[in-house]
Amino acid sequence: MVVVETAPMTFLRWVLYACFLCSSWGLKTITQSCDPNDMLALKEFAGKLTNGSIITSWSSKTDCCQWEGVVCGSNTNGSIHSRVTMLILSKKGLQGLIPPSLGRLDQLKSVNLSCNQLSGGLPLELSSLKQLEVLDLSHNLLSGQVSGVLSGLLSIRTLNISSNLFKEDLLELGGYPNLVVFNMSNNSFTGRITSQICSSSKGIQILDLSANHLVGDLEGLSNCSRSLQQLRLDSNSLSGALPDFLYSMSALQQFSISNNNFSGQLSKEVSKLFNLKNLVIYGNRFSGHIPNAFVNLTYLEQFDAHSNMLSGPLPSTLSFCSKLHILDLRNNSLTGPIDLNFTGMPSLWTLDLASNHLSGPIPNSLSACRELTILSLAKNELTGKIPESFANLSSLLFLSLSNNSFVDLSGALTVLQQCQNLSTLILTKNFVGEEIPRNVSGFQNLMVLAFGNCALKGQIPFWLLSCRKLEVLDLSWNHLDGSIPNWIGQMENLFYLDFSNNSLTGEIPQSLTQLKSLISANNSSPHLTASAGIPLYVKRNQSASGLQYNQASSFPPSILLSNNRINGTIPPEVGRLKDLHVFDLSRNNIMGTIPSSFSEMENLEILDLSSNNLYGSIPPSLEKLTFLSKFSVANNHLRGQIPTGGQFYSFPSSSFEGNPGLCGVIVSPCNVINNMMKPGNPSGSVSRFGRGNILSITITVGVGLVLVLAIFLHKMLRRNAGDPICDLEEEVSMPHRLSEALRSSKLVLFQNADCKDLTVADLLKSTNNFNQANIIGCGGFRPGLQSQPSLMAQKLQSRGFLGIMKSEKREAEIIDPAIWGKDRQKQLFEMLEIACRCLDQDPRRRPLVEEVVSWLDGIGFQGAQQ
């Protein structure tokens with residue numbers, strides 16, 4: 001029995017073993033043997049690439065079915081070779097062109113080359129891929145034509161060519177009968193939306209044409225099937241009202257048309273879109289009331305209609321949207337109270353009603369939204385106190401209530417300190433005239449705190465030190481007094497500090513130079529990564545428009561202490577703040593010199609030290625600040641030469657005005673005779689010519705010429721007994737004689753070894769005998785003028801007051817006509833010289849009263865009075 005039983009078992013085992021070998025051999029053939037033509041096509045594809053991981057990995061194996069990203073399938077024609085059916089090479093760092101050889105892979109059903117850096121056009125051979133169902137070329141650098149290349153893809157179901165450089169009229173696209181998903185967003189397609197897209201694709205479900213250059217209305221979508229689930233047309237130039245047929249697309253789940261020019265009113269027919277999840281219409285010109293028709297939209301998760309012209313009250317039926325996550329209606333003209341029953345909206349994450357005209361108190365029911373993380377009610381007309389029930393908003397991260405009329409700051413902070421996750425708190429322009437609380441706790445996770453423009457009283461509170469994560473602190477435009485506390489330097493994460501426009505006194509604490517986040521960007525903690533998608537605005541003055549930042553981490557690292565009463569000196573340790581971008585100490589009482597250590601602040605972009613009591617010179621080392629774009633030391637007591645290297649040539653003269661001792665190319669030359677500074681006349685008609693633009697040499701040259709003329713005329717009068725007025729007129733009318741008489745007289749205008757002495761003859765020749773068209777008023781000077789007399793003849797706009805009045809024949813308005821034109825010209829010019837000295841902008845250069853009286857006595861009117 002043993003033999004009888006063993007024989008059948010042995011035979012069965014051989015049969016099974018043979019079947020196993022056959023099946024194994026067959027499986028190996030199917031999975032590992034690649035069609036030679038497909039392998040050649042893939043090698044040509046790889047040969048066109050200049051970069052990518054597949055270049056190396058494909059060369060290491062001989063069977064293309066084992067190559068990275070290549071999927072093979074069984075062949076239906078009985079061949080022992082497998083054909084390539086899928087090519088999945090997304091995010092492989094591919095660079096180069098798509099070669100025509102890809103069209104020879106005629107069994108391809110899916111191609112995904114997305115998220116690479118492929119460039120150039122699409123090869124025409126792609127249209128031969130008759131079995132291709134999925135083509136994803138998104139997020140590359142492809143360009144050229146699309147319509148003719150892809151027209152033969154009759155089996156295509158998903159076509160994604162988004163985020164490329166394609167540019168073509170939309171009219172050419174279409175003709176895909178089996179298309180379900182069509183995404184051509186973020187390109188440069190032009191034209192109108194035509195009916196061809198939907199007429200040839202009866203089963204289309206997702207259509208994304210956003211971020212192109214499309215124009216016109218939406219009538220071309222009238223034949224789209226009711227199976228359409230997602231329609232995205234954002235960021236185009238589409239216009240007109242929303243057509244009625246849209247409300248018959250009952251399967252629609254996402255409808256997004258933001259950032260276009262749509263107008264008109266929203267229809268109450270929106271209630272028919274009962275499957276709608278996302279309704280995004282912001283950035284258009286919709287007007288009128290929001291229809292109170294949200295009862296049936298129970299699946300609605302997002303309603304974003306901000307930045308339109310919507311008016312009227314909030315629709316109360318929004319309270320029926322129990323799945324609503326995002327409600328953003330900011331920047332409209334909505335009015336009335338916030339009359340929503342938030343108990344029906346338990347899933348709300350974001351509520352933004354800012355920049356409207358809503359009034360009344362904050363409803364207590366808002367605290368029922370326990371998942372609320374972002375709340376912005378800024379720029380409305382809300383009043384009252386912060387509800388005590390806000391203490392229940394344990395998920396709250398971002399809260400902005402600025403520009404309202406809330407009261408009781410102490411009570412508000414008592415409530416909000418219980419919101420343990422709160423990271424951004426903006427209460428600007430509220431609690432007017434209240435005292436800033438001294439005893440506050442909590443706020444361990446606070447990163448942004450703004451109490452600006454509240455007219456708050458008191459001193460900088462010590463409890464801020466407990467906010468260890470604080471990065472942005474704004475207490476500007478208040479009535480805070482006292483000094484800047486020394487503990488401010490212990491706030492390790494602080495990188496934006498604004499104490500401007502207060503009444504702070506005392507010196508700048510040295511601890512301010514120990515802020516770790518400003519000493520080095522590497523030492524700072526990770527800055528804020530977002531502001532919940534809500535833009536933040538920074539206003540440096542009351543009249544200017546705010547600078548918009550999409551996130552708080554984009555704020556430039558800044559220390560803003562302007563317009564206070566801070567005194568003392570600037571600590572030299574300020575050079576430690578190498579990551580500081582903006583430093584504003586203007587309009588204070590700071591004394592001393594400008595520290596040369598400023599040159600170590602390598603990232604500094606704005607430095608404003610104007611309107612203080614600084615003296616000394618501008619350190620030449622500031623030329624190293626290559627990022628400096630705005631610089632001002634105006635209205636101080638600085639002296640010496642203005643640096644000329646680096647960024648200093650780009651700063652206007654207004655950056656240095658009000659410092660009579662400063663000199664250089666930007667203002668006036670440093671080595672002018674007697675170190676004369678530019679004149680100033682704070683009142684009268686001269687001020688309209690811009691005293692900051694009239695250079696000091698104007699008076700110097702003018703007075704010098706007048707003195708020469710006076711001496712010459714005095715000699716002529718003594719030699720000739722004729723009428724002095726006639727003699728004067730004759731000399732003026734014959735400038736060549738004056739030129740001959742003064743040809744040897746020299747005027748030393750520049751104390752510079754490279755400059756030669758200029759004679760009066762040079763001046764006469766260069767200015768065409770003092771022709772008014774060739775001089776700047778009365779004794780003009782062009783900045784940068786050197787020794788070449790020809791440069792002085794350049795035609796410049798007349799700025800001198802005396803010169804303008806003379807050219808307009810209005811001398812009588814300056815000097816009494818009863819004495820003008822008689823024999824007192826010499827005395828008048830001498831008086832003019834004395835007047836110019838009295839008007840010197842530098843008070844230290846003005847003569848004493850005793851000197852003026854002595855000079856006037858020396859003029860001598862006795863002869864003239866006879």
Side-chain angles (χ1 to χ4, degrees), residues 234 242 254-268 270-271 273 276-295 297 299-363 365-366 368-369 371-382 396 398-404 426 531-537 548 550:
D234 311 270
L242 297 183
Q254 294 186 15
F255 180 57
S256 186
I257 57 171
S258 65
N259 292 323
N260 280 284
N261 296 313
F262 291 110
S263 58
Q265 297 189 0
L266 301 178
S267 173
K268 62 181 179 180
V270 70
S271 61
L273 303 176
L276 201 62
K277 293 183 178 180
N278 301 91
L279 178 57
V280 181
I281 60 173
Y282 67 83
N284 283 284
R285 296 187 294 172
F286 291 113
S287 58
H289 292 197
I290 301 175
N292 199 15
F294 291 85
V295 175
L297 304 185
Y299 294 104
L300 191 65
E301 298 178 358
Q302 178 184 8
F303 180 31
D304 194 342
H306 74 76
S307 303
N308 279 284
M309 296 183 288
L310 299 171
S311 59
L314 292 170
S316 58
T317 51
L318 281 172
S319 300
F320 289 90
C321 302
S322 58
K323 296 184 178 181
L324 192 63
H325 295 317
I326 299 174
L327 177 58
D328 190 349
L329 303 176
R330 72 177 188 267
N331 197 22
N332 281 286
S333 298
L334 302 176
T335 57
I338 304 178
D339 191 14
L340 295 177
N341 182 9
F342 288 99
T343 58
M345 307 162 70
S347 302
L348 197 62
W349 298 339
T350 299
L351 175 62
D352 193 346
L353 303 177
S355 299
N356 281 285
H357 302 290
L358 301 173
S359 57
I362 299 176
S365 63
L366 188 56
C369 303
E371 298 183 17
L372 191 66
T373 58
I374 301 166
L375 174 60
S376 180
L377 303 176
K379 295 192 68 175
N380 278 287
E381 300 166 14
L382 301 173
L396 193 62
F398 180 98
L399 175 61
S400 177
L401 303 176
S402 66
N403 295 69
N404 282 286
I426 303 176
S531 62
I534 298 176
L536 302 174
Y537 294 86
Q548 178 178 333
N550 291 330

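Just so it is clear, the values below take in all heavy atoms, side chains as well, and ignore hydrogens, waters and symmetry mates.
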Just wondering, do Phe262 and Ile281 contact through their side chains at under 4.5 Å, heavy atoms? no
Asp304 side chain vs Ser256 backbone, donor-acceptor pair below 3.5 Å: no
With rounding to the nearest 0.5 angstrom, report the NE2 to CG distance, His289 to Leu266. 11.5 Å
Which value, rounded to the nearest 0.5 Å, describes the distance between Thr335 atom OG1 and His357 atom NE2? 8.5 Å
For the residue pair Ile326 and Leu324, what are the closest heavy atoms and their distance? O-CD1, 3.6 Å
All heavy atoms of Asn404 vs all of Ala378, minimum pair found to be ND2-CA, 3.9 Å
Chi angles and distances behind the side-chain contact (heavy atoms from CB on, under 4.5 Å) call for Ile374, Asp352: CA-CA 8 Å; Ile374 301 166; Asp352 193 346; over 6 Å; no
Any Leu242 side-chain heavy atom under 4.5 Å of Phe255 side chain: yes
Passes side-chain contact (heavy atoms from CB on, under 4.5 Å), Tyr282 versus Asn259? Steps please. CA-CA 6 Å; Tyr282 67 83; Asn259 292 323; 3.7 Å; yes
Taken to the nearest 0.5 Å, the spacing of Phe320 CZ from Leu297 CG works out to 12.0 Å
Working to the nearest 0.5 Å, report the span between CG of Leu372 and CG of Leu366. 6.0 Å
Quick one, Leu351 and Met345 - any side-chain contact, counting heavy atoms below 4.5 Å? no
Side-chain donor/acceptor of Asn403 to backbone N/O of Ala354, under 3.5 Å: no
Worked verdict on Ile338 versus Asn380 for side-chain contact (heavy atoms from CB on, under 4.5 Å): CA-CA 11 Å; Ile338 304 178; Asn380 278 287; over 6 Å; no
Looking at every heavy atom in both Leu358 and Pro337, which two are closest together, and how far apart are they? CD2-O, 4.5 Å
Does one side chain, of Asn331 or Ser307, offer a donor that lies under 3.5 Å from an acceptor on the other? yes
Rounded to the nearest 0.5 Å, what's the gap from CG on Leu348 to CG on Leu340? Could you check? 9.5 Å
Between Ser258 and Asp234, do the side chains contain a donor N or O and an acceptor N or O under 3.5 Å apart? yes
Has Asn308 got a side-chain atom pairing as donor or acceptor with Phe286's backbone, closer than 3.5 angstrom? yes
Asp339 (side chain) donor-acceptor with Pro313 (main chain) under 3.5 angstrom: no
Shortest non-hydrogen pair, Ala293 vs Lys268, comes out as CB-O, 3.6 Å
Asp328 (side chain) donor-acceptor with Thr350 (main chain) under 3.5 angstrom: no
With side chains defined as the heavy atoms from C-beta onward, is the minimum distance between Val295 and Ser271 less than 4.5 Å? no
Donor-acceptor under 3.5 Å (Asn261 side chain, Ser263 main chain): no
Would Leu334 and Leu314 satisfy side-chain contact (heavy atoms from CB on, under 4.5 Å), going step by step from the backbone distance to the final call? CA-CA 7 Å; Leu334 302 176; Leu314 292 170; 3.7 Å; yes
Fit a plane to each ring of His325 and Trp349, take the angle between them on a 0 to 90° scale, and name the class: parallel (under 30°), tilted (30 to 60°) or perpendicular (over 60°). parallel
Quick one: closest heavy-atom pair of Phe342 and Pro363, and the distance? CE1-CG, 3.7 Å
Looking at Ser322 and Pro346, what are the two nearest heavy atoms and their distance? O-CD, 3.8 Å
About how many Å separate OG of Ser319 and CZ of Phe294, when rounded to the nearest 0.5 Å? 11.0 Å
